[in-house]
Each structure stands twice: as C-alpha cells, then as structure tokens.
Amino acid sequence: MLDPRLFRSDLEETARLLARRGYLLEVERLSALEAERKSIQIKTQELQSARNANAKAVGMAKKEGRDAADLVAEGAALAEQLKAAEAQLSEVQGHFEAIALAVPNIPHESVPEGRSEEENVEVRRWGSPQAFDFTPRDHVDLGAALKLMDAETAAKITGARFTVLSGALARLHRALIQFMLDLHTGEHGYKEMYVPYLVNADSLRGTGQLPKFEADLFRLAGEQPYYLIPTAEVPVTNVVRDLILEDGELPLKMVSHTPCFRSEAGSYGKDTRGMIRQHQFEKVELVQIVRPADSFAALEQLTANAETVLQRLELPYRTVVLCTGDMGFSSTKTYDIEVWLPGQQSYREISSCSNFGDFQARRLQTRWRNPATKKPELAHTLNGSGLAVGRTLVAILENYQDEAGRIAIPDALQPYMGGITSLSP
RNA sequence: GGAGAGGUGGCUGAGUGGUUGAAAGCAGCGGUCUUGAAAACCGCCGGGGGUUCGCGCCUCCCGUGGGUUCGAAUCCCACCCUCUCCGCCA
C-alpha cells in the first residue's frame, strides 16, 4: 500500500508516476473522497470531543449530588449524532482503503519504462550456452528416458501440473535444496527459517497477494480460512508483521525452503509440458528486512546471492531488470534471473528479486526505530528466489546432458549425492 | 474432541462503570553527584490518525468485532489466541 498521504497532498504527481507502469489512478474519485473524508472526520472528532466533555460533566454532577437529567439528555442527543457521523466516516474510509489497497507500488526511477516482457532490459549475462554437437533434448524427454520423472502417475494421483520424481532424480532435487540452504546460511549470512505452509488472510494481505490475487491461491475448504502458501515470501515476511525492530536487528536476512502452491489460473495452455509450471514446486526463498536507505543496495546484494547459486552450478544465465509494465504489483524494482534451457533454446525465469520499499511494510506494520529520530519508521522489505528448485532441476537436466541421455552431476552437488556422479538411462 | 484459566504499554503487573492512555516496579533516555563507574536523587519515557509553518490542540487504541450506557479497560454477546489437565495422534 502506498502512503495515503500521497493521495491527499501529491495526487497528480502520484498518478503520473503510476502511469509509467500503465496504471490509471482514479484521481477525481480520490480527491472527491478526500474532501468528504476531511470534513466528516473533523466533524466526527468534534462530536467525540463534545461527548467526552459531556460525560465528564455528568460524572461530576452526580458526584456532587446535583441533578444531571439535562446533561444526560444532551449526551443522548450527541450520541445519536456521533453514531451517524462515525458510520459516514467509516464508509468513506472504507471506500478510500479499497482503492488504496488495489493501487500498485510506484516504480523506482531507475526502472525502464515499457509495456510488457519484451521491453525488459538485460543487465548482465554469465556463462555461455554450451554448443551441443547433437540436438539437445528437453527435460521431459530426458526424465522419461531416465524413467525417473513421471507426470502421468502424478496425474493419476492428483491431476494436471504435478510431477512424481523418483530415485536419484528425487535425490538430486533434494540435493539442490540442501546446497542452496547451505550456501545462503553459510556464506551469505541468512538465517534459516522453518515456517507454516498454511497461512491466514492477514498474512496474504500483508505481503500483497490479497485482496487482488485471490484467484492465484489455493484456499482450504475446511473451517479455518487458511490458504496454501504461493511462496515462502508470505510466511517469512510476516514473521516481522506488527513489529518495531531495533536498529541493531537490521538488516534481517532470512532464508527458507518451502513448497509453493499456485493455482495458475489464467495460464491455460502455457508451459503445459514438463516441470516449468506446476501447481506444487519447491523454492528456496531469500527475504531481507532493511533500513530504508539501504534497500536498493540490498536488492543488488540479494540478486547477487541468487546468481551465486547458478554460478556454483555452472549454469549460464542472464539477469534482466523488469520494465515498468512487467513488474509485480508490490515491487518498486525487480530483477529476473533467467537460466539457459537448451531444450527450449531460450532463457527462462528461475528467480525474481524485488525491492518492495515500504509498500509491504505499511501493510504489515513492520517498522524500525530510527536512532536519529528515535521514532518508529516503516522498514523496507525485499525478497527473491534463491532459487526455484524445480526449474533448477530442469536446467541441470538440460545443460548437463550428453548424447546418450546421461546427466552429469555438477561438482557443487556431488557432496550431497552420496557418490552418484551421473544419472544414466 | 472434553474441562478449566487467562489475554492491559518494551517487560512485570494494578485497575471491575465516571476528569484513567491507564498506578507501581523494571528496562531505556537525559541530568545532578563522582577522577571514572556503580549507587542515590531529579526529570523524560507507548502507538495510529486529524489539524497546524511550528509550539500545540483534538481524536482513536487495554486480543478482535459487535452491543448496553450520558459515559466502557471495567458490564453483555460472538470470535481469535495463549496456558493447564484429560483423550486421540505424526
């Protein structure tokens, strides 16, 4: 959520900044609501003040044994007016809030303007796609040849967009998780977190998935209105909801491995083949809570932390900065890391690293005590995948294949593979 | 699932209808004293919102949401959470 003050004192400028990302702010509606809000709020507070004074007067009169009937009658009249004013106020505030909650974050000035994915800007490239002297196969063919990846069985057990992995491939998948966690905790200074995979609506509202993106989530049908997490961002970032952190606690860097569940509504026909887009996948997530002045430097660091995973695995990738039109709802700036997939002859997203500024923190009420002012101020939050495990597995299969369909195990993963150095059909 | 207890400021903990946003203690901050420190003493010390150039003034917040009342931390209802005991269980 943006600072509501922006809608009051800086409405035109805010609308202009949001227009960069193609969002049309309801300027007239907001300024009309604001005018209404102001007069109703002042009136309401005056009535509250009168009520309080009257109640005190009644109390004193009774204590002194005087007749308070007139005062009580006056109070009753005030109470009636107040009730009406409060109802009006909460209606206006409700409208205001409903609009405010649906407004996306303002892109940072360094974000290139653009309408779609095509206008994202590549900022760097690491490694170079290997030249195969045969036609490289995609992970579906490779997995099937190995007999270690099975979508049909998953479809029988559950339905479309699930996978069963078995044997050494399942182990490789687990090895990736261990490797990533060890790297981020051991070398990058993140604290490992184990968190709930079911969350309440407040948490989803805090990180911005609700109210706007309910359709992307799986909701439990039981008594408790719980949701399956779409990313560890939700539980991990909500660790600091409603907290005022001391300066010394920042930056707070957390890493967590969780499964992620996404309904993928609206993606029909997209990536239906293979493990690229599933309803359930594993992810290692990096989250940082930082001082406001540090957040853009932290974004560079966090992105580099995610890239290190690919470098250690020796997987070629490129990093792009998302243009204003392709950024997520809550983000001020996002880097996507895209890994090379020989089977598709293209770079595919494997991590998305974002700085949310104070946008999530405002919803979460996550603050830090600024030592300079001694006052609580909103912290800044960031997160990024480090990395999406399923897609990393796909990248290894496709990049480490040979003509016989054998998959070499990257050196960095061998300590986790119990002596297995390759997977063979 | 059954039975009970409880949710008050950073923490401990008073407060059961009336000038209570809330005693007291601890912690924290500033000061006096001291060569320095400790102790002692004095003062300050929650958060959100509105308004104002600012000092300030007003308002809301005692788990959450409703209700009763001139007036609610205090009474009533619903919900949430925590703890204890029993049962079941990875």
Side-chain angles (χ1 to χ4, degrees), chain A residues 1-11 30-31 33-101 194-206 210 220 222-227 235 238-250 252 259 358 360-379:
Chain A
M1 189 162 59
L2 294 175
D3 188 342
R5 271 179 279 255
L6 291 176
F7 300 138
R8 298 209 274 264
S9 47
D10 259 330
L11 189 56
L30 278 167
S31 63
L33 274 172
E34 165 56 12
E36 219 181 325
R37 187 228 103 226
K38 190 162 177 170
S39 73
I40 295 172
Q41 182 159 356
I42 288 172
K43 184 174 151 210
T44 304
Q45 293 189 350
E46 280 169 1
L47 283 167
Q48 285 169 333
S49 185
R51 176 206 54 197
N52 293 345
N54 172 269
K56 280 177 186 173
V58 173
M60 281 194 343
K62 291 206 167 171
K63 196 173 271 178
E64 291 165 13
R66 286 186 279 118
D67 174 41
D70 286 356
L71 285 170
V72 168
E74 199 181 305
L78 279 170
E80 205 168 307
Q81 291 176 56
L82 181 57
K83 197 169 180 178
E86 281 176 340
Q88 251 184 68
L89 182 62
S90 86
E91 194 189 331
V92 171
Q93 282 174 334
H95 286 154
F96 201 93
E97 184 139 312
I99 295 177
L101 275 174
Y194 170 77
V195 292
Y197 304 156
L198 300 179
V199 294
N200 59 36
D202 282 344
S203 292
L204 288 158
R205 212 168 294 121
L210 287 180
L220 266 60
E223 243 177 273
Q224 296 285 359
Y226 291 155
Y227 295 80
N238 273 279
V239 164
V240 296
R241 171 147 54 94
D242 294 327
L243 294 186
I244 299 176
L245 300 159
E246 293 306 324
D247 186 56
E249 296 178 74
L250 301 182
L252 180 57
D358 62 15
Q360 285 183 333
R362 185 169 292 105
R363 294 170 167 238
L364 292 160
Q365 280 303 298
T366 297
R367 291 164 294 171
W368 72 302
R369 198 170 294 279
N370 184 342
T373 62
K374 298 190 174 149
K375 287 285 167 195
E377 296 172 17
L378 293 168

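The sequence lines fix the lettering, A, B, ..., with proteins before strands; numbering per chain opens at 1. All of these numbers come straight from a predicted model, not from anything done at the bench. Worth knowing before you read on, the calculation uses all heavy atoms, side chains too, and leaves out hydrogens, waters and symmetry mates.
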Problem set entry | Whole-Å gap separating P (B:U64) and CD (A:Gln365) | 14 Å
Problem set entry | Atom pair distance, as rounded to whole Å: CD in A:Glu86 and C1' in B:C58 | 15 Å
Seminar exercise, completed: Whole-Å distance, A:Glu80 CD to B:G67 P, equals 14 Å
Exercise. So do A:Leu89 and A:Glu86 actually touch side chain to side chain, heavy atoms under 4.5 Å?
Worked result: no
Exercise. What distance, rounded to whole Å, do you find between the two P atoms, one in B:G63 and one in B:C11?
Worked result: 13 Å
For this session: Please determine, for the side chain of A:Gln41, which listed nucleotide (B:G48, B:G49, B:C60) has the closest atom?
Result: B:G49
Exercise. Can you check whether A:Ser49 has a side-chain N or O nearer than 4.0 Å to OP1 or OP2 of B:U59?
Worked result: yes
For this session: Write down the distance between CG (A:Leu82) and P (B:C70), rounded to a whole number of angstrom.
Result: 13 Å
For this session: For A:Lys62, report the nucleic acid contact type (base, sugar-phosphate, nothing); a contact means any heavy atom under 4.0 Å.
Result: base
For this session: Check whether any side-chain N or O of A:Arg51 sits under 4.0 Å from OP1 or OP2 of B:C58, and answer yes or no.
Result: no
Exercise. Base, sugar-phosphate, or nothing: which does A:Gly75 touch, judged by heavy atoms less than 4.0 Å apart?
Worked result: sugar-phosphate
For this session: Find the distance A:Glu34:CD to B:G49:P and express it as a whole number of Å.
Result: 14 Å
Exercise. Which nucleotide sits closest to the side chain of A:Asn52: B:U59, B:U51, B:U19?
Worked result: B:U59
For this session: State whether A:Arg369 places a side-chain N or O below 4.0 Å from either non-bridging phosphate oxygen (OP1 or OP2) of B:G47.
Result: yes
For this session: Any side-chain hydrogen bond (donor to acceptor under 3.5 Å, both in side chains) involving residues 64-80 of chain A? Give me the pairs, sequence neighbours left out, ordered by first then second residue.
Result: A:Glu64-A:Arg66
For this session: Using only side-chain N and O atoms of A:Arg367, determine if any of them is under 4.0 Å from OP1 or OP2 of B:G46.
Result: no
Exercise. How far does the P atom of B:G7 sit from the matching atom of B:G47, given to the nearest Å?
Worked result: 24 Å
Exercise. How far does the C1' atom of B:A3 sit from the matching atom of B:U8, given to the nearest Å?
Worked result: 27 Å
Exercise. Under a 4.5 Å cut-off applied to non-hydrogen side-chain atoms, are A:Phe7 and A:Leu33 in contact?
Worked result: no
Problem set entry | Beyond-backbone contact of A:Gln81 with A:Lys43, side-chain heavy atoms, under 4.5 angstrom | no
Problem set entry | Rounded interatomic separation in angstrom, taking CG from A:Asn200 and C1' from B:U64 | 13 Å
Seminar exercise, completed: When A:Arg5 and A:Ala55 are each assigned the nearest nucleotide of RNA chain B, the 5'-most assignment goes to A:Ala55
Exercise. Looking only at atom C1', what distance separates B:U12 and B:G71, rounded to whole Å?
Worked result: 31 Å
For this session: Go through the side-chain N and O atoms of A:Asn52 and A:Ser49 and say whether any donor and acceptor fall under 3.5 Å apart.
Result: no
For this session: Report the distance from atom CD1 of A:Ile244 to atom P of B:G48, rounded to the nearest whole Å.
Result: 7 Å
Problem set entry | C1' spacing across the pair B:U68 / B:A78, given as an integer number of angstrom | 15 Å
For this session: Can you tell me, in whole Å, how much space there is between the P of B:U74 and that of B:G15?
Result: 15 Å
Seminar exercise, completed: Shortest non-hydrogen pair, A:Ile40 vs A:Ala85, comes out as CG2-O, 3.8 Å
Problem set entry | Per A:Met60 side chain, nearest of listed nucleotides B:C70, B:U51, B:U19 | B:U19
Exercise. Roughly, in whole Å, what's the span from CG in A:Leu245 to C1' in B:G10?
Worked result: 13 Å
Problem set entry | Interatomic distance, A:Leu47 atom CG to A:Ile42 atom CD1 [nearest 0.5 angstrom] | 12.5 Å
Exercise. Expressed in whole Å, how much space separates the C1' atoms belonging to B:U35 and B:C42?
Worked result: 23 Å
Problem set entry | Closest to the A:Ala76 side chain, choosing from B:U19, B:U51, B:C70 | B:C70
Seminar exercise, completed: Closest of B:C81, B:C60, B:U19 to the A:Lys56 side chain is B:U19
Exercise. Taking the same atom, C1', in B:U69 and in B:C75, what whole-Å distance lies between them?
Worked result: 10 Å
Exercise. Would a 4.5 Å heavy-atom cut-off, applied to side chains only, mark A:Gln41 and A:Gln93 as touching?
Worked result: yes
For this session: Just call it for A:Arg362: base, sugar-phosphate, or nothing, with non-hydrogen atoms closer than 4.0 Å on any strand.
Result: nothing
Seminar exercise, completed: Given Watson-Crick and G-U pairs under 3.5 Å, RNA chain B in dot-bracket ([ ] crossing, | other strand) is ((((((((.[[[..)..(.....]]].(((((.......))))).((((((....)))))).[[[[[..)....]]]]])))))))....
Problem set entry | Inter-residue atom distance A:Met1.CE - A:Leu364.CG, 0.5 Å rounding | 10.0 Å
Exercise. When the nearest nucleotide of RNA chain B is assigned to A:Asn54 and to A:Gln45 on a heavy-atom basis, which residue is associated with the more 5' position?
Worked result: A:Gln45
